[in-house]
Amino acid sequence: MKKFLASVLMFLVLLASAVQGQAPVEQRWFNLLPSDYVYSAFSTGDKLGYVTTDFVGVLPTGATVQLSTDMVSFYFTASTFFVQDVSGNVKYFADGQWTNVGIYNGMASYEDNLWLWKGNTVSLITQDPKNIRVFASVPNEVTYVSGLPANALVSTSFGAFKCTESSCERVDLRSCDKAWELKNGDVACLKGNVLSLGQQFFDNVSGASFSNGLLYFLQGDKLYALEFSATQISKVAANSVLSGDFLITSAGTFQLKGQTLQKVSSKVRLPLLGSISPGPTFISDNYRLVFTDKGWTEEIQDANGLKVNGLLMWEAGGQSYSWGETSRTIRGTIIDGFGDDQEGYLLVVNGDHMGRKNLLVVDAVTGKPLASMGVKPILSYGYTGEGYYVSTSSEIKLLSLGTITSFEAKVPPQDVVQWNGSVYYSYGEYLVGPLVYKFPDAITELVPSENGVLVVTASSLYLVSSDVKDLGQVFPNYPAGKVLDVATEGDRVFLLTGDGIYTLLPQVHVVLHVGKNTYTINGVEKTMDVSATIINSRTMVPIRVISEAFGYSVQWDDSQKKVTITGLGHSIELFNGKPTAFVDGAPMEIDAPPTIVQGTMLVPVRFIVESMGLNVLWDPNLRKVEVTLP
């Protein structure tokens with residue numbers, strides 16, 4: 001083995017080209033989704049608390065507390081933070097320390113009350129977390145409690161009971177996991193993923209929350225409010241989360257205000273998990289976020305716990321899989337699968353009559369094995385830019401539409417891509433292709449792009465093409481240590497990180513003055529058809545000013561008198577003279593509706609730029625507005 005490694009290193013040293021590169025023009029990394037990714041959420045009154053994916057609890061007071069990963073339920077009430085772990089133990093955080101409350105089957109809060117239940121007994125905490133009192137007992141085991149102490153609703157598998165501290169009366173015979181009493185006295189019942197109210201039934205409900213006598217619930221990609229009947233409030237991402245009157249989506253956090261949503265944070269949002277496939281598309285087993293000229297489009301696939309890539313659906317450790325509408329059982333054990341809507345492959349382990357193990361690459365479309373890897377361990381597999389690959393220490397098998405070709409690997413490949421008819425693969429700090437390059441530090445990932453192979457290291461991104469000996473283009477100072485995946489679209493680079501999605505943008509600085517028909521972009525003066533003006537205490541500017549500066553796409557619909565602005569991963573719809581706009585599909589109230597002046601639509605500049613995640617600065621003395629990347 002030592003002789004083999006020595007020969008490998010000698011081969012690389014002899015062939016390696018020096019790493020050079022030219023500095024790019026002035027650009028900066030812009031976070032399209034600056035985020036505190038939310039693992040769980042809780043609310044009290046009109047304030048939201050949440051637990052990040054790093055298990056840091058951010059309380060409605062602004063304080064933070066580090067949590068352990070065995071905690072599963074979180075509530076904040078009467079200025080006290082309560083948690084429950086997987087064993088049922090409830091404790092609260094106060095004065096910098098944790099205090100145990102006891103073991104319970106569950107807990108829930110409403111306004112400043114915390115309900116606890118065990119068996120058929122309900123207990124209550126109001127102001128003092130040390131003061132726990134038995135509230136009521138019902139004939140059957142409790143599954144949930146909602147409402148206030150004067151009129152609590154206790155859910156059981158044998159109906160719902162309305163309780164006070166003196167008595168309980170069964171008011172509904174349905175078996176409910178959770179039940180709520182609405183403003184009109186009707187009881188809404190959630191059993192599994194089916195919500196019922198009288199003769200109305202709503203299936204595939206993914207979340208529900210109760211606030212001020214109104215029940216909000218999510219069904220597919222729609223948000224509803226339920227009172228006498230269900231009223232659709234908005235179309236939302238199908239994996240959104242409800243807590244009280246707050247809605248958390250991958251586009252940010254919104255507060256429910258009647259039949260509209262008010263965006264309260266672009267930073268607090270649900271996580272984007274998984275990796276990047278060409279497009280760029282950020283994917284997990286059942287979630288993908290696709291970047292197009294209209295921004296990020298979300299696609300949710302419900303695979304009932306199975307894994308999905310394109311038309312391929314499988315379960316690791318099983319023997320069955322499906323390709324589209326065709327289901328098959330194979331001999332062996334599926335360890336993984338990958339593919340898209342054109343082709344799919346399975347990695348399958350089987351054995352002969354002697355008990356010897358063998359690893360097969362199976363074409364999921366036909367069900368036939370394409371190659372046997374024998375006893376050689378697989379080092380890596382994935383997408384190359386032109387197809388898929390599976391590699392061992394000595395060869396790379398290239399897969400494309402059910403065919404397979406072998407490529408000799410001079411060193412053990414860690415990542416493989418194809419570009420411009422050539423195969424490139426990494427080994428430590430070396431890139432092996434038509435030429436061999438040595439980098440200052442180890443290569444973590446290779447990504448094919450239109451202009452070359454993007455090489456990711458711990459410190460920089462390099463763009464390598466086969467017709468130059470140096471590295472052509474270098475992208476330094478990217479968010480090192482946080483990058484989960486990387487993709488390219490044309491000459492743009494996208495990074496999926498632990499706190500958002502980054503891309504390189506030129507530094508942009510826009511300055512305009514109220515009453516003047518000139519403005520500047522990076523110091524270059526330009527003119528406007530209509531001067532910036534103030535309406536209802538809001539600065540209004542022609543939409544062309546912002547769209548031209550930041551490369552937004554602007555579309556005008558004359559029949560609806562509507563302008564649609566897309567860019568930087570967001571979409572905004574505004575209507576002439578109307579106080580309601582739509583940001584990333586969610587309705588939002590604006591103080592100054594768009595106004596058409598001399599044939600030009602004026603829009604509220606702060607609303608536009610903050611919805612796009614930009615910075616805006618107002619100088620009242622100079623009546624000047626500055627817009628920049630954050």
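The backbone N or O of Ser155 sits less than 3.5 Å from a side-chain atom of Thr143, completing a donor-acceptor pair. Looking only at distances, no side-chain donor or acceptor of Thr384 sits under 3.5 Å from a matching main-chain atom of Tyr389. Of the possible donor and acceptor atoms, none in the side chain of Asp363 sits under 3.5 Å from a partner among the backbone N and O of Gly367.
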Residue pair Val416, Tyr424: steps toward the side chain to side chain contact (heavy atoms under 4.5 Å, CB included) verdict: CA-CA 6 Å; Val416 179; Tyr424 294 78; over 6 Å; no

Stepwise side chain to side chain contact (heavy atoms under 4.5 Å, CB included) check, Tyr50 with Tyr37: CA-CA 9 Å; Tyr50 57 95; Tyr37 287 148; over 6 Å; no

Test side chain to side chain contact (heavy atoms under 4.5 Å, CB included) applied to Phe30 and Leu504, step by step: CA-CA 6 Å; Phe30 175 75; Leu504 272 174; over 6 Å; no

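Under the 4.5 Å side-chain criterion, counting only non-hydrogen atoms from C-beta, Trp314 is in contact with Leu312. Within the 4.5 Å cutoff, the side chain of Asp415 has no heavy atoms near those of the Thr444 side chain. Side-chain contact check for Val83 versus Tyr75: every heavy-atom pair is 4.5 Å or farther apart. Side-chain contact between Tyr437 and Val464 is present, with heavy atoms from C-beta onward closer than 4.5 Å.
Counted within 6.0 Å of NZ on Lys222, heavy atoms from surrounding residues, nucleotides or ligands total more than 12; the atom is thus considered enclosed. The environment of Lys191 atom NZ is dense: over 12 non-hydrogen atoms of other residues, nucleotides or ligands sit within 6.0 angstrom.
Summarising the geometry, atom CG belonging to Leu270 is positioned 8.5 Å from atom CG belonging to Leu247; distances are rounded to the nearest 0.5 Å. Here Asn309 contributes atom CG and Asp336 contributes atom CG; the two are 8.0 Å apart, rounded to the nearest 0.5 Å. Going from atom CG of Leu399 over to atom OH of Tyr345 covers 5.0 Å, rounded to the nearest 0.5 Å. We find the CD1-CD distance between Ile443 and Gln414 to be 8.0 Å, quoted to the nearest 0.5 Å. Between atom CD1 of residue Ile572 and atom OG1 of residue Thr564 there is a gap of 10.0 Å, rounded to the nearest 0.5 Å. Here the CE atom belonging to Met71 is positioned 12.5 Å from the OG atom belonging to Ser40, to the nearest 0.5 angstrom.
Of all heavy-atom pairs spanning Gly192 and Asp177, the tightest one is N-OD2, 2.7 Å. The nearest pair of heavy atoms linking Ser393 to Pro413 is O-CD, 4.1 Å.
Between Glu408 and Lys410 there is no salt bridge, since none of the side-chain N atoms of the basic residue sits less than 4.0 Å from a carboxylate O of the acidic one.
Contacts of Tyr224 classified as ring-ring contact (aromatic ring centres under 6.0 Å, His included), with partners at least two apart in sequence or in another chain: Phe217.
Using a 30° and 60° split on the angle between ring planes, Tyr425 and Phe407 fall in the perpendicular class, above 60°.
Ring centroid separation for the pair Phe338 and Tyr388 comes in under the 6.0 Å cut-off.
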